[in-house]
Amino acid sequence: MVLGIESSCDETAAAVVRDGVVLSSVVASQVRLHAEYGGVVPELATREHLRNLVPVVREALVLAGVVAGEVEVVVATRGPGLPAALASGYAAAQGFAMALGVPLMGIHHHEAHLYSPWIEGEPGRAAWEKLVPNLSLIVSGGHTMLVKVEGFGRHRVLGSTLDDAAGECFDKVAKLLGLGYPGGPEVDRMAEEGAGGAMLFPRPMLHEPGDDFSFSGLKTSVRTYLGRHPEVREDMARARAVCAEVREAVVETLVGKTLRAARRERVSCVTASGGVSCNRALRRDLAAGCSRAGMEFRAARPEYCTDNAAMAALLGERQWREGYKADEPGLEVLPGWGLDALRVGWEHNFRANR
Ligand code: KG4
Ligand code: ZN
């Protein structure tokens, strides 16, 4: 019986899993709290985590029908993320593990995202037996990265964003257009009804060699365009068209670079996870591109796309079974933990943890 806790950004989450099956997954989103500021305010996020952590854990236990004493392993996100937000969840997890006398597994948040597309069915189950080498696109408000996954615990970052993440770009464009926060879902919804097709905005770094991304230039060109055409903000049809143009630019870039890397790395499967992978056009175009290239495509289910503790608990449970070393008491969180610091096997993981 594994209890997982996730608090790397603005969701306070807890989950209970057993034998790869999700028994409960509770997420207290702070979206409304941060909406007023148009972005995550770290200080507020931490205070909210502190308020929500124990009730969220209690709810996860109740929904799973287990009592605290049945928990055999505690898993918590150790990094990367907002320092104080991480620390609040990780310290709570240390406390639970100590009180229960069970091991604590500190996991890497991006590694949890990497395997989230393999959670299938209802109740969710980690289909570890189906895991094949794949090219994984992680796209969220904080990250845009391409990772080659050879197998469990074996992965290599091929590229990441040099500046803004794709989700950040959507959020900033939404703010420029006076839409709500978070902007990604709003822009996505508007884009579904927008004209598009005019190639108004650049496809950043699409035709350059390498697997890195850059989205700050795209945001700037939207700002310049809106400066020249202030009337767009008052005209719903034109605002929708701008959303469609932005979404096309982001999606074409993500899909083009992902498929190119997948072909080059000779993988038969592409996966997508992170908040932005909820984007309808991104899912459609990645699925279509993979189907044309004869590759399997797996996107995380929406509830496992955005931050959640089920993916953390499933990863921690597998690591524990594989004999990874548990975190010693007194370890600190790793806000800038790089995915490449994790290498094959627990020994390397153990060293990277110091
Ligand atoms: O993974 P996530 O919940 O949090 C982190 O950033 O770690 O991702 C949130 C991001 C936000 O930037 C949000 O605007 C974006 O995901 N997002 C979307 C969509 N749904 C969420 N972006 C584009 N289209 C969507 N449908
Ligand atoms: Zn995340």
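Counting starts at 1 for both ligands and their atoms, in listed order.
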_Cation over ring face, R247 and F170, 6.0 Å, 45°_ = no

*Just going by heavy-atom distances, which of A281, S277, P185 is nearest to atom 19 (C) of ligand 1?*
P185

*Under 3.5 Å, N or O to N or O, is D188 touching ligand 1 that way?*
yes

*Is it true that R189 and E192 have a side-chain N and a carboxylate O under 4.0 angstrom from each other?*
no

*In terms of atom number and element, which parts of ligand 1 are under 4.0 angstrom from non-hydrogen atoms of G167?*
12 (O)

*Do Y324 and M105 touch side chain to side chain, with heavy atoms closer than 4.5 Å?*
yes

_Beyond-backbone contact of R292 with M295, side-chain heavy atoms, under 4.5 angstrom_ = no

*Heteroatom distance test (D307, ligand 1): nitrogen or oxygen, under 3.5 angstrom*: yes

*From E111 CD over to S116 OG, what is the distance, rounded to the nearest 0.5 angstrom?*
11.5 Å

*For ligand 1, which atoms sit closer than 4.0 Å to a heavy atom of F170?*
22 (N), 23 (C)

*Are any side-chain N or O atoms of R283 and backbone N or O atoms of S277, one a donor and one an acceptor, separated by less than 3.5 Å?*
yes

*Charged N to carboxylate O below 4.0 Å: is that the case for R18 and E317?*
no

*Within-cut-off N or O pair, P182 and ligand 1, under 3.5 Å*: no

_ligand 1 atoms in contact with G142 (distance to a heavy atom under 4.0 Å)_ = 6 (O)

*Among protein heavy atoms, which sits nearest to atom 21 (C) of ligand 1, and what does the distance come to when rounded to 0.1 Å?*
G275 O, 3.4 Å

*Considering heavy atoms of the protein only, find what lies nearest to atom 11 (C) of ligand 1 and give residue, atom and distance to 0.1 Å.*
D171 OD2, 3.6 Å

*asked:* Distance under 4.0 Å to a non-hydrogen atom of G184: what atoms of ligand 1 satisfy this?
replied: 14 (O), 18 (C), 19 (C), 22 (N), 23 (C), 24 (N), 25 (C)

_Taking the basic N atoms (NZ, or NE/NH1/NH2) and the acidic carboxylate oxygens, is any pair closer than 4.0 Å for D171 and K219?_
no

*Is the distance between the Zn ion (ligand 2) and the nearest N/O/S atom of H110 smaller than 2.8 Å?*
no

_Need one value: angle at the Zn ion (ligand 2), D307 atom OD1 versus H113 atom NE2, rounded to 10 degrees._
90°

*Nearest non-hydrogen protein atom, atom 10 (C) of ligand 1*: G141 N, 3.4 Å

*Write out the residue and atom name of the closest protein heavy atom to atom 23 (C) of ligand 1, then the distance separating them to 0.1 Å.*
N279 ND2, 3.4 Å

*Please state which protein non-hydrogen atom is closest to atom 15 (C) of ligand 1 and give its distance, to 0.1 Å?*
V276 CG2, 3.8 Å

*So, are R125 and D19 salt-bridged, with charged N and O less than 4.0 Å apart?*
no

*Can an N, O or S atom be found in H109 less than 2.8 Å away from the Zn ion (ligand 2)?*
yes

*Salt-bridge test for E296 and K130: reply yes if a basic N is under 4.0 Å from a carboxylate O, no otherwise.*
no

*Does some non-hydrogen atom of C278 fall short of 4.0 Å from ligand 1?*
yes

*State whether the side chain of E150 and the backbone N or O of H155 hold a donor-acceptor pair below 3.5 Å, judged by distance alone.*
no

